[in-house]
There are 2 protein chains.
Amino acid sequence: MGRRVTLQTIADRVGVSRMTVSNAFSKPDQLSTGLRREILAAAHDLGYVGPDPAARALARGTTGAVGIVLTSSLRFAFTDLVATSFFGAIAERLAPTGLALTLLTSADSGDIIPARDVAIDGALIYSCDPTSAAVDYLTRRRLPLVYVDQEPLETVTTINVADRHGARAAARHLLDLGHRRIGLLMSGMHPPHGLIDPADVTIDGYAAKQRLLGWCDVLGEAGITPLVARQPGANPEEPRAAARLLLDRPDRPTAVLCFSDATAHGVLRAAVDLGIDVPRDLSVVGFDDNPLAAQLRPALTTVHQDVEAKGKAAATALTRAIADARAGVAHVPQHHVLPAELVVRDSTAPPPR
Amino acid sequence: MGRRVTLQTIADRVGVSRMTVSNAFSKPDQLSTGLRREILAAAHDLGYVGPDPAARALARGTTGAVGIVLTSSLRFAFTDLVATSFFGAIAERLAPTGLALTLLTSADSGDIIPARDVAIDGALIYSCDPTSAAVDYLTRRRLPLVYVDQEPLETVTTINVADRHGARAAARHLLDLGHRRIGLLMSGMHPPHGLIDPADVTIDGYAAKQRLLGWCDVLGEAGITPLVARQPGANPEEPRAAARLLLDRPDRPTAVLCFSDATAHGVLRAAVDLGIDVPRDLSVVGFDDNPLAAQLRPALTTVHQDVEAKGKAAATALTRAIADARAGVAHVPQHHVLPAELVVRDSTAPPPR
DNA sequence: GTGCCCTACTGTACCGATATAGAGAAGCGC
DNA sequence: GCGCTTCTCTATATCGGTACAGTAGGGCAC
């Protein structure tokens, strides 16, 4: 059985040095056209496909792929419209650079840590526990990193959305309409679930925390104590159930601020179940302005974030960080904050009298 | 400036051979606990993070990542609910094996071909022109491959859905209800668009072809010539416009068979625009049974495919092919066909008289 | 005490490329 | 004819690991 075909095989066949064959593939301007043609022909003849990516990665020190680390349930990452739009924007932005995108899960248990074992040139850390083993490895490996929707860290480039600002605007909007009994509907995998004290909210994720803080900034100032419910987020039916914790009660809120459009959708459906008219009897505010928000009925008042721009910014920041690293230049961490703006549609109105 | 820390650095420090250090990380049972602890401590001390993935990939011949090749617009791949659910199912299935998933685009122009330059252990070929350069490289590299929703090829393991069968069921359902004037709404990026002859349909993708064939099998048998419209698929507004080509005419169809639930959604919205009642005045059948189909109003009659199972089957087939390759066993190509079944909901009824 | 196995570790030979410096020939100005 | 640059191509030294075949020493059976 013949050995595998490598550069050397071709070099021997053509009678040139291995380096020249390498150049024929990787640096065409380093050799004469004639010889190059001859080499490529011989390569084709021998069934050689091109330089082995793994060997090239070792020799060059670059792999041509960047990672994106996801902690939260994979099911969620691919079900959530906001997440998928974000991935799409990144992939699209990365395509012309030739970088592939590798999905790295960060299950914290076991010793399966792709982030440790897969070769990449840099990574995006997205909606991911920053203390996870995966992030730890990447950091210690000194790979170029960009944090997205994570607690800002001085030393790392971050991309964030003005969630707190947006949340404030949402809360203020309800106050301006005259609402005083206000419910908050949070999302999060870990207990406690159900009706809870705002102070007890175990926060999952930086964005969730910022949104809650934003609401409380405004409500607190107005002396309002909201009613808070919390639900595990992945399943579309769960928000609907959680919403009833807020709606099935005599002193039910006249308005609900939701962690996302998906949870808001659950509230709308629960309202239908209960015969509560939105916005006449109940105002609902979402978050994200995902593609469905405008199509819901009533169209959802929500806080818009530009996911497309977020993906673009993340991809650009990462490619820049990688370029800096390659050039040996010290990378100066940057901190982008993208706007989040209230979009008033048809799901909010003054409270019933 | 000190050199990078490698296994050798640690070996020198501890006074053992490099191989022993390697074993401390990769084969713990090959050395005594005490020595191992000492080595790991020294490694930690020196800031060594673990074996370099690129070097390991070269030495071991495996990378810990598999690719998924996507041709169709990336925007589409991340916008389409069917595609994203599929990715999710794959990622979830892959996670416990420790394999990461690398998204490989196959832009046919230029020499940016991640599939050629990124090291992977195997790949899924999904909704992708089988003649693309990316697929060609992967094939010639003799990487384990699995084709999903592609024209079956004897020599490669394939995963397909019984699209043609499902399409037949959909068409038969309309005939059974009594429909005779039937429209088809196809999706495809390439011209011609608009109202076209079924024979002129340039097919994009194997699935599209199978669906069209299935419809025509049944309609042809019944002596019915359908009215066919075609639209570029990515944008949610486009089906709505294309639908009007079928609906804005005196002899408008009493029923429309749609390439996907997304296009069916467009038809439903066009019907609303035109004041046409579904299903009283118009029956609409989708394809895929995506998560939204049941939530549309009226709930969509459609052809269900189990995307979750498709992802599972794809991931399993690929990991098996990779295992076979590693073991040096000849891989016997398998051809899975998953069921596609009609789900009758509220968007179909007998034609108006 | 001899033979044998087992454990723990070592030495050498790759894995398949690229970087970098430099050698030899050709072209050019003066 | 001399020196200089340009164009091609070569030689050597990595890149950072892992595989595999040993070797040395200790324990055990008989």
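Chain letters run A, B, ... following the sequence lines, proteins first, then strands; residues in each count from 1.
Within the structure, side-chain hydrogen bond (donor to acceptor under 3.5 Å, both in side chains) pairs that include any residue of residues 21-34 of chain B comprise B:Ser26-B:Arg56 (at least two apart or interchain). Among pairs with a residue in residues 83-93 of chain B, those fulfilling side-chain hydrogen bond (donor to acceptor under 3.5 Å, both in side chains) read A:Arg75-B:Glu92, B:Arg93-B:Thr316, at least two apart in sequence or across chains.
One finds a side-chain N or O of B:Ser26 lying less than 4.0 angstrom from the OP1 or OP2 phosphate oxygen of D:dT18. For the OP1/OP2 pair of C:dA19 and a distance below 4.0 Å, the side-chain nitrogens and oxygens of A:Lys27 include at least one atom meeting the criterion.
A heavy atom lying under 4.0 Å from DNA chain C marks the following residues of residues 49-64 of chain B, by number: B:Leu58, B:Ala59.
B:Tyr48 comes within contact range of the sugar-phosphate backbone alone, with a heavy-atom separation under 4.0 Å but no base atom that close.
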Write out a two-atom table: protein N or O, nucleotide N or O from nucleotides 9-12 of chain D, distance below 3.5 Å.
{"from": "D:dC9", "atom 1": "OP1", "to": "A:Ser32", "atom 2": "OG", "distance (Å)": "3.3"}
{"from": "D:dC9", "atom 1": "OP2", "to": "A:Ser32", "atom 2": "N", "distance (Å)": "2.8"}
{"from": "D:dC9", "atom 1": "OP2", "to": "A:Ser32", "atom 2": "OG", "distance (Å)": "3.4"}
{"from": "D:dT10", "atom 1": "OP2", "to": "A:Ser17", "atom 2": "N", "distance (Å)": "3.0"}
{"from": "D:dT10", "atom 1": "OP2", "to": "A:Ser17", "atom 2": "OG", "distance (Å)": "3.4"}
{"from": "D:dT10", "atom 1": "OP2", "to": "A:Thr20", "atom 2": "OG1", "distance (Å)": "2.6"}

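One atom, CZ of B:Arg326, and another, P of D:dA19, lie 12 Å apart when rounded to the nearest Å. Between the CG atom of A:Asp117 and the P atom of D:dG17 there is a distance of 13 Å, rounded to whole Å. Separating the CZ atom of B:Phe25 from the P atom of D:dT18 is a distance of 10 Å, rounded to the nearest angstrom. To the nearest angstrom, C1' of D:dA19 lies 14 Å from CG of B:Leu7.
Each of B:Leu31, B:Leu40, B:Ile10 was checked for a side-chain contact (heavy atoms from CB on, under 4.5 Å) with B:Val21, and the lone residue meeting it is B:Ile10.
Here A:Ile125 contributes atom CD1 and A:Leu153 contributes atom CG; the two are 11.0 Å apart, rounded to the nearest 0.5 Å. Distance check, rounded to the nearest 0.5 Å: CG of A:Leu94 to CZ of A:Phe87 gives 13.0 Å.
Heavy-atom contacts from other residues, nucleotides or ligands closer than 6.0 Å to NE2 of B:His44 number 12 or fewer.
Applying the side-chain hydrogen bond (donor to acceptor under 3.5 Å, both in side chains) test to B:Asp136 and every residue at least two apart in sequence or in another chain returns B:Arg140.
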List the atom pairs, with distances to 0.1 Å, where a side-chain N or O of residues 113-124 of chain B and a protein N or O form a donor-acceptor pair under 3.5 Å, not counting sequence neighbours.
{"from": "B:Arg116", "atom 1": "NH2", "to": "B:Asp111", "atom 2": "O", "distance (Å)": "2.8"}
{"from": "B:Asp121", "atom 1": "OD1", "to": "B:Thr63", "atom 2": "N", "distance (Å)": "2.7"}
{"from": "B:Asp121", "atom 1": "OD1", "to": "B:Thr63", "atom 2": "OG1", "distance (Å)": "3.0"}
{"from": "B:Asp121", "atom 1": "OD2", "to": "B:Thr63", "atom 2": "N", "distance (Å)": "3.1"}
{"from": "B:Asp121", "atom 1": "OD2", "to": "B:Thr63", "atom 2": "OG1", "distance (Å)": "3.4"}
{"from": "B:Asp121", "atom 1": "OD2", "to": "B:Gly64", "atom 2": "N", "distance (Å)": "2.9"}

